[in-house]
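Following: one structure in structure tokens, then a few remarks.
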Amino acid sequence: MSSSVSKPSRTLRPRTLAVRGGLSRTNFRETSEAMFMTSGYVYDSAEEAEASFDGTLDRMVYSRFKNPTVAMFEQRLAEIEGAPACRATASGMAAVHAALLCQVRTGDRVVASKALFGSCHWIINELLPRYGVEVAFVDGTDLDAWKAALSQPTACVFLETPSNPTLEIIDLTAVCDLAHMAGAKVVVDNVFATPILQSPLELGADIVVYSATKHMDGQGRCLGGAVLGSAEFCTDVLGPFLRNTGPAISPFNAWVLLKGLETLDLRMERHCANALKVARFLETRPEVTRVLYPGLESHPQHDLAKRQMRGWGSIVAIELAGGKPAAYKLLNGVELIDISNNLGDAKSLITHPWTTTHQRLSPEDKLSMGITEGLLRLSVGLEDGDDLVEDLARALES
Ligand SMILES: *Cc1c(COP(=O)(O)O)cnc(C)c1O
């Protein structure tokens with residue numbers, strides 16, 4: 001690209017950076033960001049090719065390493081997050097996998113909260129031990145459990161807050177302090193909160209990972225992921241891992257996500273307003289024994305959520321008195337809300353974690369994560385909140 005990359009400015013606010021950050025125009029002076037669907041790049045001379053490979057010339061070499069559209073997405077997301085650096089990946093799981101595997105080795109110890117997205121749990125519980133990494137799981141809400149688990153040297157802490165699907169809130173400041181005393185780097189899966197509602201790096205975390213598939217796309221179109229952290233980590237530790245193992249994101253997907261970032265803040269506002277309305281309605285229903293939403297005064301960590309989050313997110317979990325039959329009745333009774341295991345979409349989606357997203361876990365593991373047969377996870381979309389309440393009311397009464 002011949003024009004200069006607009007430099008991040010500390011004086012601009014996140015809402016401006018979401019629209020302007022990372023913008024790098026070509027000589028055509030396009031308004032919208034260009035999509036560079038190219039795997040490779042050409043050199044004007046043999047000397048230029050050599051300089052590009054020996055590092056004396058910083059330019060695009062191959063899209064597994066770097067691509068202009070992907071770079072715009074990375075830069076914009078880094079600016080919104082307030083992170084020094086960002087690397088995009090093909091999916092959220094590629095981001096989680098790379099963020100962990102690039103920094104742990106045989107003999108290391110990893111401590112994680114047990115209420116995790118199913119595939120994150122698999123990586124820590126199944127994959128890491130294959131390579132001789134010792135792993136320990138703790139109840140994320142129990143600071144004494146963190147203290148005990150982090151009383152010995154630890155390489156890495158992995159956690160998700162709010163957690164999927166039970167919306168537990170973990171005290172980021174306290175856990176980061178304990179982790180750092182044990183020598184660990186803290187990786188936070190910030191998918192449910194998004195950079196709009198929570199800034200883990202400001203609370204002490206070292207690395208933030210995202211499934212950009214969720215709210216950043218926000219319209220259920222494509223997969224993507226991102227890892228954010230220090231420039232040193234992204235360049236020297238994560239960089240070689242990504243370059244040589246190849247979980248690169250398609251420039252097309254990066255472009256969709258880049259444009260998604262422009263409206264993320266606006267969309268999160270509606271997601272949050274709708275989710276609170278739905279949660280408050282469900283709290284009034286006799287069929288529902290428990291409504292889990294960080295914005296409700298009844299949420300066990302509501303005060304902590306208020307301290308470390310700027311809003312409560314799009315996900316509401318409910319437990320039905322009638323167990324699985326009642327859950328299935330509601331799933332099959334809603335007309336507007338779709339049955340789907342995805343989340344963070346413009347369309348409201350509902351899922352039964354016990355039989356879908358967390359099906360592979362043993363019943364004991366599910367129960368220890370707070371997942372019962374009567375639990376439903378609702379991803380509240382951008383429709384009119386009153387239509388969603390009416391849809392749920394109709395399904396509960398049927
Ligand atoms: C969806 C999700 C992931 C995985 O992301 P993909 O883009 O589906 O690979 C990881 N963590 C959480 C909390 C998620 O919701």
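We use all heavy atoms of the structure for the numbers below, so side chains are in, but hydrogens, waters and symmetry mates are not. Whatever order the structure lists ligands and atoms in, that order sets their numbers, starting from 1. All residue numbers in this chain count up from 1 along the given sequence.
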N164 versus ligand 1: do any nitrogen or oxygen atoms come within less than 3.5 Å of each other? no
Under 4.0 Å from any heavy atom of E160, which atoms of ligand 1 are there? 13 (C)
Lys/Arg-Asp/Glu bridge criterion (N-O < 4.0 Å) met for E33, K259: yes
Whether the E81 and S199 side chains hold a donor-acceptor pair (N or O, under 3.5 Å, no angle test) is what I'd like checked. no
Atoms of ligand 1 close to S91 [distance to a heavy atom under 4.0 angstrom, numbered from 1]: 7 (O), 9 (O)
So does K324 pair up with E373, basic N to acidic O under 4.0 Å? no
Inspect the contact between R285 and E397 and indicate whether a charged nitrogen and a carboxylate oxygen are less than 4.0 angstrom apart. yes
Tell me, which protein residue and heavy-atom name are nearest atom 1 (C) of ligand 1, and how many Å apart are they? K214 NZ, 1.3 Å
Atom 9 (O) of ligand 1: closest protein heavy atom, distance to 0.1 Å, is M93 N, 2.8 Å
Taking 4.0 angstrom as the limit and counting only heavy atoms of D189, give me the atoms of ligand 1 inside it, by number and element. 10 (C), 11 (N), 12 (C), 13 (C)
Hey, is the main chain of T161 close enough, under 3.5 Å, to the side chain of Q198 for a donor-acceptor pair? yes
Atom CG of L238 and atom CD of Q103: how far apart are they, to the nearest 0.5 Å? 9.0 Å
Which atoms from ligand 1 have a heavy atom of G92 less than 4.0 Å away? 5 (O), 6 (P), 7 (O), 9 (O)
